[in-house]
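Working notes for the structure below.
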Amino acid sequence: MTVTARVMVAGCWAAIVTGVLLAGAQLTGIAEPPPPELIAFDPGPVTRWGTPLLRFTGTTAAVLAVGTLLGLVILDGLPRHRTAVVSLRRATRLLAFIAVVALILQVMLGISAIVGRPAHTIAVADYLACLTMPGILYCLGSIAGFLCLAILIRTGTTPLNLLVVGMVATCLPYAGGHPSSASNHVVSLGMIVLHVLAAALWVGGLAMLLIVGGVLGDRVAVRTVLPKFSRLALPCGIATGISGLGSLLAQAPEVGGYSRNYLLLVLIKAIGLIGLFGFGAWHRRHSVPATVPDPLAAGFLRTGLREVAVMSAIIAVATVLSRTPPGTFE
């Protein structure tokens, strides 16, 4: 893939994600200022708009890190894949640092939302006082996990252990959201953890394939990774769908039922998931056979890029969904 093509792909991806985030925020009103009677507790537009953007950035970096680690698990120890392994290790370290920065800023804006003042006006003592709140503690645990990952990736730690660290760090920020407030929070937490893990392996694995094939241009590595990831993709997709449904039912509001906006976002996410299964079926029938003579077949890469674009849009919808109250309480 040429530099121009990479820039165009990145630009299209950014436009899709930004559009989905803005549309979702506008639909649900999560970035709207508070009503007049609560205007004194307005954290400001930076917090309101920056929080979902940082949540998406951190989630994307974490999912991509899980994908590169999955590639390391498959390729590590095989001498002919040394170049790809070194590149994936560097990519994992960079992605871990991006996740750390996004999470630190997310913690600052989260405290800003709790205190009800813009982040730059909050005293250090107030920041420290909020660090023990459950949602903030989960994010701090995730930061520690990604910092450990960035350090351990340069040591002799096995890729499988690194993958476990990355998956735990990816899940932690989601443990302090809707699951913590659900009446059956144990079931809800289990569903959301399974949902995040399965989606991270699925989305991250496909992104890793495109990195190895489209960016590194390593035909031999693609030929090694593709069959193993293909066997993993379908179970991960099914687990993502079932756990998403389970999480929806576990978080059922006790009063007032689901809000219209929440259900609309769930429906959009479900349609996107069905579309991804369609992409997967197309891959198995057309794209994957085309990689037998040429692992870097243009059809495979094009279909993969479209699939990643849909996955990114779904992550953006999930970001808005995670900040939208499930029910209408009257």
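Hydrogens, waters and symmetry mates are skipped; everything else that's a heavy atom, side chains included, is used. What you see is a predicted model, and the numbers here were worked out from it, not measured in a lab.
- Judged by distance alone, the side chain of Ser142 and the main-chain N or O of Tyr138 form no donor-acceptor pair under 3.5 Å.
- Judged by distance alone, the side chain of Tyr174 and the main-chain N or O of Ser322 form no donor-acceptor pair under 3.5 Å.
- Side-chain atoms of Ser112 come within 3.5 Å of backbone atoms of Arg117 as a donor-acceptor pair (strictly under, hydrogens ignored).
- Here Arg306 contributes atom CZ and Leu276 contributes atom CG; the two are 14.0 Å apart, rounded to the nearest 0.5 Å.
- The ring of Trp202 has its center closer than 6.0 angstrom to the ring center of Phe277.
- The shortest distance between side-chain heavy atoms of Ile153 and Leu72 falls below 4.5 Å.
- Residues Leu263 and Ser259 fail the side-chain proximity criterion, which asks for heavy atoms closer than 4.5 Å.
- Taking CD1 of Ile268 as the reference point, atom CD1 of Ile314 lies at 11.0 Å (rounded to 0.5 Å).
- Atom OH in Tyr127 sits 4.0 Å away from atom CD1 in Ile122 (nearest 0.5 Å).
- In this structure the side chain of Leu163 never reaches within 4.5 angstrom of the side chain of Thr158, judged on heavy atoms.
- Looking only at side-chain heavy atoms (C-beta outward), Thr92 and Leu64 stay at 4.5 Å or farther from each other.
- Ile111 places none of its side-chain heavy atoms less than 4.5 Å from the side chain of Met133.
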